[in-house]
Amino acid sequence: MKNIIQPVKGTRDFYPAEKAVITWLWSTIREVSESFGYQEFDGPYLESIDLYAAKSGEELVKEQSFVFPDKNGNLIALRPELTPSLVRMIAQKQQQLFYPLRWWSFGPFWRYESPQKGRGREFFQWNADLIGVDSPEADAELTALLASLFQKVGLGPDQVKVFVNNRRLMENELAELGIPEDLQGSVFRVIDRRDKLNDSDWKDYALKMGLSESQFSGVQALLSADDLWKKSPELPRFFEAADALGVAEYVAYSPRVIRGLDYYTGTVFEAQAITSKVRRSIAGGGRYDNLLADVGGQPLSGVGFALGDMVLSVILDELDLLPLNRDASPAQVMVTVFDEDSQLAAYQLSAELRKAGIPVYTYPTPDKLGKQFKHADRIGARVAVILGPDEIREKKVAIKDLSTREQFTFPREDAPKAILGLLENGPSA
RNA sequence: GCGAGCGUAGCUCAGUCGGUAGAGCACCGCACUGUGGAUGCGGCUGUCGCGGGUUCAAGUCCCGUCGCUCGCCCCA
């Protein structure tokens, strides 16, 4: 036990119960994405470090990426985010693709950070992007897509919210306060920290970043201006569209949302749990106008978001919204093995049932029936099939409903139909 | 990178003032040789994270180290 090599820090082992959760999440995401007409795509997990040097935040590349040299000495990164790969893929075929693109992806990402609740070094992300439409309505569609996942997994608008803001709006407001353009980035960081520091620490931080007293109180006022969105040419249209898309309950304006990544240029949004103890954001996204041009493509506007699996899982777990029976066998039918002589007959019957389209778990050894039934309970089977000497002699099989403990005998050829009947009627898993 | 807490049976944990290691659950067996979730009885399980030190004696105290967890930072 002590000699087992430790797993790599920040990685997770997906035992069947955990794998079932990620598979469920993936397929739910697929359903929601496809319901909006988005196509699945993926990029490579390995990328040249140069791809990220171009535009991702400094910190993300320098501090938080897994980087190693290949045999030629080129620096390769395990992808810490998807957007640069997406942009590269589009730029490579920019003339061949037809727009708008509605693409989604789900896959692993790596960041070298210290693991804690809701954060690891290897995690999954859902990415969705709408490329080639520059409108508040397109922004609203992305938040609607995000909200639809929340709806689908059982998270209501009283539990999660998508907070929305607009960078251009904020830039204008800061300019009106007399804050020079080269200070805006710093002020965005000040805003980003509002909820993390207490009042006086926050003020100290703001002044240290170069704000004057009057500019500081101006920023302070901005952050409680809950109807600031009305001054934006885009946000009123955004909220009307969100309303039309049926997700008005899920979206809310927040002047405090600003997003860390440098490449956002317009509307930005961030999904947060309202009730959870975990204050980390579930998903974040926004509009980027310059990414394609930055990598040498024609200018093309896009909007997208990323959602991490770890924070979402924590929240779903807290609210008891993860799928049940995560550890059950995918087969709901278990064929017992009565004794050594009839073992192969049990195998044969199993094969017949599978041919009829029924997933079957065959008990591996001729143990006492009691033990086999107990095992059937443990693997989550709902039906047990018994083929003993009596049944074999009469060309019958006994079929037992494990939840009601009722048992019936059927002619062998009727067994598949009888089992399917039981599975249909019984309580759903 | 910084700070705090925790490492004892497969799991969750107890272990007093330093005195030779415990409980519940799980598992196995029996009661019960063609029938499971209950009950009773019996059984199995330990590098007390690792290394050093103090001591007649260390799970317990000290030092170091590794690991995990939770925060800070940053972000999904």
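Numbered from 1 within each chain, the chains take letters A, B, ... in sequence-line order.
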Original post:
Given the P atoms of B:rC48 and B:rC70, what is the spacing between them in whole Å?
Top reply: 27 Å
Subject >> Atom C1', compared across B:rC32 and B:rG42: separation rounded to whole Å >> reply: 16 Å
Subject >> Along RNA chain B (nearest heavy atom to each residue), the more 5'-positioned of A:Ala283 and A:Asp390 >> reply: A:Asp390
Original post:
Of all the choices, B:rC74, B:rG34, B:rC28, which nucleotide is nearest to the side chain of A:Gln64 once you look at every atom?
Top reply: B:rC74
Original post:
For RNA chain B, whose closest nucleotide is more 5', that of A:Thr404 or that of A:Gln125?
Top reply: A:Thr404
**OP:** Calculate the interatomic distance between A:Phe373 atom CZ and B:rG34 atom C1'; express it in whole Å.
**Re:** 8 Å
Original post:
A:Tyr52 has an atom OH; how far is it from atom P of B:rC75, in whole Å?
Top reply: 17 Å
Original post:
Base, sugar-phosphate, or nothing for A:Gly120, non-hydrogen atoms under 4.0 angstrom?
Top reply: base
Original post:
NA contact type, A:Ser114, heavy-atom cut-off 4.0 Å: base, sugar-phosphate, or nothing?
Top reply: base
**OP:** Tell me yes or no: between the side chains of A:Ser254 and A:Asn165, is some donor less than 3.5 Å from an acceptor?
**Re:** no
Original post:
Does a side-chain N-to-carboxylate-O contact under 4.0 Å join A:Arg12 and A:Asp309?
Top reply: yes
Original post:
So what does A:Phe305 hit on the nucleic acid, given a heavy-atom distance under 4.0 Å: a base, only sugar-phosphate, or nothing?
Top reply: nothing
Subject >> Distance in angstrom units between A:Gln407 CD and B:rU35 P, rounded >> reply: 10 Å
Original post:
Among the nucleotides B:rC28, B:rG36, B:rC70, which one has an atom lying closest to any side-chain atom of A:Gln116?
Top reply: B:rC70
**OP:** May I ask whether A:Phe123 stacks on the base of B:rA76, given the cut-offs of 5.5 Å between ring centres and 30° between planes?
**Re:** yes
Subject >> Length of the line joining A:Asp13:CG and B:rC68:C1', which is rounded to integer Å >> reply: 14 Å
Original post:
Quantified in whole Å, what is the P atom distance between nucleotide B:rA38 and nucleotide B:rC25?
Top reply: 11 Å
Original post:
On a whole-Å scale, what distance lies between the C1' atoms belonging to B:rG49 and B:rA58?
Top reply: 16 Å
Original post:
Using atom P of each nucleotide, how far apart are B:rU69 and B:rA26 to the nearest Å?
Top reply: 27 Å
**OP:** Quick one: label A:Ile282 by what it contacts on the DNA or RNA (base, sugar-phosphate, nothing), any heavy atom closer than 4.0 Å.
**Re:** sugar-phosphate
Original post:
Base, sugar-phosphate, or nothing for A:Arg119, non-hydrogen atoms under 4.0 angstrom?
Top reply: base
**OP:** Describe the nucleic acid contact of A:Asp309 in one word from base, sugar-phosphate, nothing, applying a heavy-atom distance below 4.0 Å.
**Re:** nothing
**OP:** Examine the base of B:rA76 for any acceptor or donor lying under 3.5 Å from a partner atom in the side chain of A:Glu113, and report the outcome as yes or no.
**Re:** yes
Original post:
Would you call A:Arg393-A:Asp390 a salt bridge at under 4.0 Å N-O?
Top reply: yes
Subject >> Greater than 12 external heavy atoms within 6.0 Å of A:Tyr112's OH >> reply: no
Subject >> N or O in side chain of A:Arg378 less than 4.0 angstrom from B:rC27 OP1/OP2 >> reply: yes
**OP:** Give the rounded distance in Å between these two atoms: CD of A:Glu270 and P of B:rC74.
**Re:** 13 Å
Original post:
B:rG29 P sits how many Å from A:Asp367 CG, rounded?
Top reply: 8 Å
**OP:** Run the salt-bridge test on A:Asp134 and A:Arg287 with the 4.0 Å N-O cut-off and return the result as yes or no.
**Re:** yes
Original post:
Can you give the dot-bracket line for RNA chain B, where a pair is Watson-Crick or G-U wobble with both atom distances under 3.5 Å, crossing pairs use [ ], and | marks a partner on another strand?
Top reply: (((((((..((((.....[..)))).(((((.......))))).....(((((..]....))))))))))))....
Original post:
Touch check for A:Lys9, heavy atoms < 4.0 angstrom, all strands: base, sugar-phosphate only, or nothing?
Top reply: sugar-phosphate
**OP:** Flag yes if more than 12 heavy atoms outside A:Glu249 fall under 6.0 Å of its CD atom; otherwise flag no.
**Re:** no
Original post:
Strictly under 6.0 Å, is that where the ring centroids of A:Trp110 and A:Phe66 end up?
Top reply: no
**OP:** Quickly, which of A:Thr28, A:Leu145, A:Leu25, A:Leu312 forms a side-chain contact (heavy atoms from CB on, under 4.5 Å) with A:Trp126? Name it, please.
**Re:** A:Leu145
Original post:
Between A:Leu223 and A:Arg256, what is the shortest heavy-atom contact and its length?
Top reply: O-NE, 3.7 Å
Original post:
Considering only the C1' atoms, how many Å lie between B:rC63 and B:rU54, rounded to the nearest integer?
Top reply: 11 Å
Original post:
Within the modelled atom types, does a donor on one side and an acceptor on the other bring the side chain of A:Glu391 and the base of B:rG34 under 3.5 Å apart?
Top reply: yes
**OP:** Grab the CD1-P distance between A:Ile191 and B:rC74 for me, whole Å please.
**Re:** 15 Å
Original post:
So does A:Arg88 pair up with A:Asp50, basic N to acidic O under 4.0 Å?
Top reply: no
Original post:
Would one find a side-chain N or O of A:Lys368 under 4.0 angstrom from OP1 or OP2 of B:rC30?
Top reply: yes
Subject >> Listed nucleotide nearest any side-chain atom of A:Lys374, set B:rG36, B:rU69, B:rG29 >> reply: B:rG36
**OP:** Report the distance from atom NZ of A:Lys117 to atom P of B:rC6, rounded to the nearest whole Å.
**Re:** 18 Å
Original post:
How far does the P atom of B:rG37 sit from the matching atom of B:rA31, given to the nearest Å?
Top reply: 15 Å
Original post:
If you take atom types as modelled and just measure distance, does the side chain of A:Gln372 reach the base of B:rU35 with a donor-acceptor pair under 3.5 Å?
Top reply: no
**OP:** Please measure how far the C1' atom in B:rC44 lies from the corresponding atom in B:rC17, and state the result in whole Å.
**Re:** 34 Å
Original post:
On a plain distance test, is the side chain of A:Arg111 in donor-acceptor contact with the base of B:rC74 below 3.5 Å?
Top reply: no
